[in-house]
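Beneath this line is the structure, given in structure tokens, with notes to follow.
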Number of protein chains: 2
Amino acid sequence: MTVTPVQIPDQPAAEPARQLPPATVSRLTLYLRTLNGLLAEGVDQVSSESLAESAGVGSANVRKDLSYLGSYGTRGVGYEVANLSRKIAQALGLTHEWRVAIVGAGNLGRALARYAGFETRGFDVVALLDADQMVIGNEIGWLRVSDVAELEPVLEKTRANMVVLALPAGVAQSVCDRVVTAGVHSILSFAPVALSVPDFVNLRKVDMATELQILAYHAQRLQVPGLEEDRPSA
Amino acid sequence: MTVTPVQIPDQPAAEPARQLPPATVSRLTLYLRTLNGLLAEGVDQVSSESLAESAGVGSANVRKDLSYLGSYGTRGVGYEVANLSRKIAQALGLTHEWRVAIVGAGNLGRALARYAGFETRGFDVVALLDADQMVIGNEIGWLRVSDVAELEPVLEKTRANMVVLALPAGVAQSVCDRVVTAGVHSILSFAPVALSVPDFVNLRKVDMATELQILAYHAQRLQVPGLEEDRPSA
DNA sequence: GCTTGTGAATAGGTTCACAGCT
DNA sequence: AGCTGTGAACCTATTCACAAGC
């Protein structure tokens, strides 16, 4: 038994091998951030150990992650910052221009629209949409808020290829469906619901309430070793 | 071989067994959300299958997760919504009152301060702090912005037991250190850096740039089946 | 008959430890 | 001597499949 795990017998494997493990992909973004910092500081070599430290993971983990991209390190020395940064950016698809439309111009949507972090990392916010007539037409950051009724033409005109949903739970699914139908298949949702999408759509979720609840779980576990549950206190 | 995995030979196991798997904890928050919705609709029984559907996971997964809390389902019938909701809330530590201080009143911090989702889920935003003199003293939502120089007394006065960091990368570590020293050990960070904290601190990260980059990776993989790598274009 | 609860099987991820190269 | 690259071991998580109970 113990079959060799090769499953794709027709790819000639000229490229560094597609399909990185998901856990690796998310760590690569962290390494990239560190590398770009080092690049700005003029550092040009880095070890797996120090990359590990600034990403908060183990160094073996870093080396294994990087090995999926190929062998770009030098034994006894480390990795060349500029080269590695380029390779990771390439692997992550950051050589494309990504045009992001944000649907929902409530508190969160507006905050995201003004968030400088996107622009600097190759993500261009090209539209901001809302359903509220009071908000439509307002200037937020560099953008004017469009009517979500115009979603499809706006996506097409701006050639958006990613959408961020910053919407209340109730309307998220229907807007999501329209986004998918309009041909945008990469969606980041901040809505506190599970959205259902076809397999070919990339959907990621960020859920603040969930994060706080997870913290609550751990906090409670530490605070209550067995006694006192809700000390009313003075 | 095949040792039984019992590792805590001194706990009498009166409680439903502490230490849930992390993956289970995050899904429990999703089930809880669904259950509270059903509760509001007056539904009183639910199957693992329909819980699974609304959380976007498999039903065996749901049953295994719930089994860590004990056997609260009825075979052939399902789970009693009110009861299960209560059990999960209990397991997650949501019977406590959680008092959250938000540090950073920029776009994101303000959006979080006004985000209604927190209040309704047992998280009370009790303070909002910033370093910018232009912002200190402003009213945002129900709160007046405090000076981050006053962090320690504010945390103490408001008895905050969680902190949300909505800060730029540069200052996040130093504020984080002060928060920990001040005795708050549950931290949710939106800052795009890896923060280092002692082991006893619960730190979670939400990173929007990372999420978009992960989307970019998947999007690029689908869009480029093998050709054109960086087409210089017009 | 229908749905839970759970051991067994499988898949995925991390850590170890060391050979291989500079 | 130092650091990478990687098989092997280990641990965590998901899925399967079915017996147990209503």
Side-chain angles (χ1 to χ4, degrees), chain A residues 1-8 16-17 19-31 35 38 43-81 83-84 87-88 91 214, chain B residues 1-8 16-31 35 38 43-81 83-84 87-88 214:
Chain A
M1 309 327 158
T2 59
V3 282
T4 37
V6 178
Q7 309 249 38
I8 311 108
Q19 187 84 307
L20 304 169
T24 293
V25 173
S26 58
R27 282 188 301 264
L28 286 176
T29 68
L30 305 180
Y31 308 151
L35 289 167
L38 293 173
V43 178
D44 55 35
Q45 293 285 334
V46 67
S47 67
S48 60
E49 187 58 46
S50 69
L51 267 180
E53 161 132 36
S54 43
V57 303
S59 67
N61 213 327
V62 171
R63 291 196 299 277
K64 185 147 287 192
D65 288 339
L66 296 180
S67 78
Y68 290 118
L69 306 180
S71 290
Y72 297 119
T74 309
R75 290 166 197 235
V77 179
Y79 301 87
E80 209 234 303
V81 173
N83 182 39
L84 189 56
K87 291 297 181 194
I88 294 177
I214 294 172
Chain B
M1 306 326 163
T2 61
V3 284
T4 38
V6 178
Q7 310 248 39
I8 312 108
R18 301 250 145 254
Q19 187 83 309
L20 304 169
T24 292
V25 173
S26 58
R27 282 188 302 263
L28 286 176
T29 68
L30 304 180
Y31 308 151
L35 289 167
L38 293 173
V43 177
D44 54 36
Q45 294 284 335
V46 67
S47 67
S48 60
E49 186 58 45
S50 71
L51 268 180
E53 161 134 33
S54 43
V57 302
S59 67
N61 213 326
V62 172
R63 293 196 297 278
K64 183 145 288 186
D65 288 338
L66 296 180
S67 77
Y68 290 118
L69 307 180
S71 288
Y72 297 117
T74 310
R75 291 166 197 239
V77 180
Y79 301 87
E80 209 233 305
V81 173
N83 182 39
L84 189 55
K87 292 296 181 196
I88 294 177
I214 294 172

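All values below were derived from every heavy atom in this structure, side-chain atoms included, with hydrogens, water molecules and symmetry-related copies excluded. Chain letters run A, B, ... following the sequence lines, proteins first and then strands; every chain starts at 1.
A:Gln45 has its CD atom 12 Å from the C1' atom of C:dT22, to the nearest Å. Atom pair A:Tyr68:OH and D:dG7:P shows a separation of 11 Å (rounding to whole Å applied). Atom CD in A:Glu80 sits about 16 Å away from atom P in C:dT22, given to the nearest Å.
Phosphate proximity of C:dT15 to A:Asn61: present, with a side-chain N or O under 4.0 Å from OP1 or OP2. Using a 4.0 Å cut-off, some side-chain N or O of B:Arg27 falls inside it from OP1 or OP2 of D:dT14. An OP1 or OP2 oxygen of D:dG5 is reached within less than 4.0 angstrom by a side-chain nitrogen or oxygen of A:Tyr79. Residue A:Thr74 has no polar side-chain atom (N or O) positioned under 4.0 Å from OP1 or OP2 of D:dT4. Contact annotation: A:Tyr72 side-chain N/O to D:dC3 OP1/OP2 distance is not under 4.0 Å.
Atom CD of A:Glu53 is surrounded by 12 or fewer heavy atoms from other residues, nucleotides or ligands within 6.0 Å.
A donor and an acceptor atom never sit less than 3.5 Å apart when one is taken from the side chain of A:Arg75 and the other from the base of C:dT22.
When distances are taken from the side chain of B:Lys64 to each of C:dT6, C:dT4, C:dT14, the shortest belongs to C:dT6. The side chain of B:Ser67 approaches C:dG5 more closely than any other nucleotide in the set D:dG5, C:dT4, C:dG5.
Of the inter-residue distances, the one linking A:Asp65 atom CG with A:Ile88 atom CD1 reads 9.0 Å to the nearest 0.5 angstrom.
B:Gly78 and B:Gln45 get closest at one heavy-atom pair: C-OE1, 3.9 Å. Nearest heavy-atom pair, A:Leu51 versus A:Tyr31, reported as atom, atom and distance to 0.1 Å: CD2-O, 4.2 Å.
Checking A:Pro21 against A:Val77, the closest nucleotide of DNA chain C that is more toward the 5' end is the one next to A:Pro21. Positionally, the nearest nucleotide of DNA chain D for A:Arg63 lies more toward the 5' end than for the other of A:Arg63 and B:Ala60.
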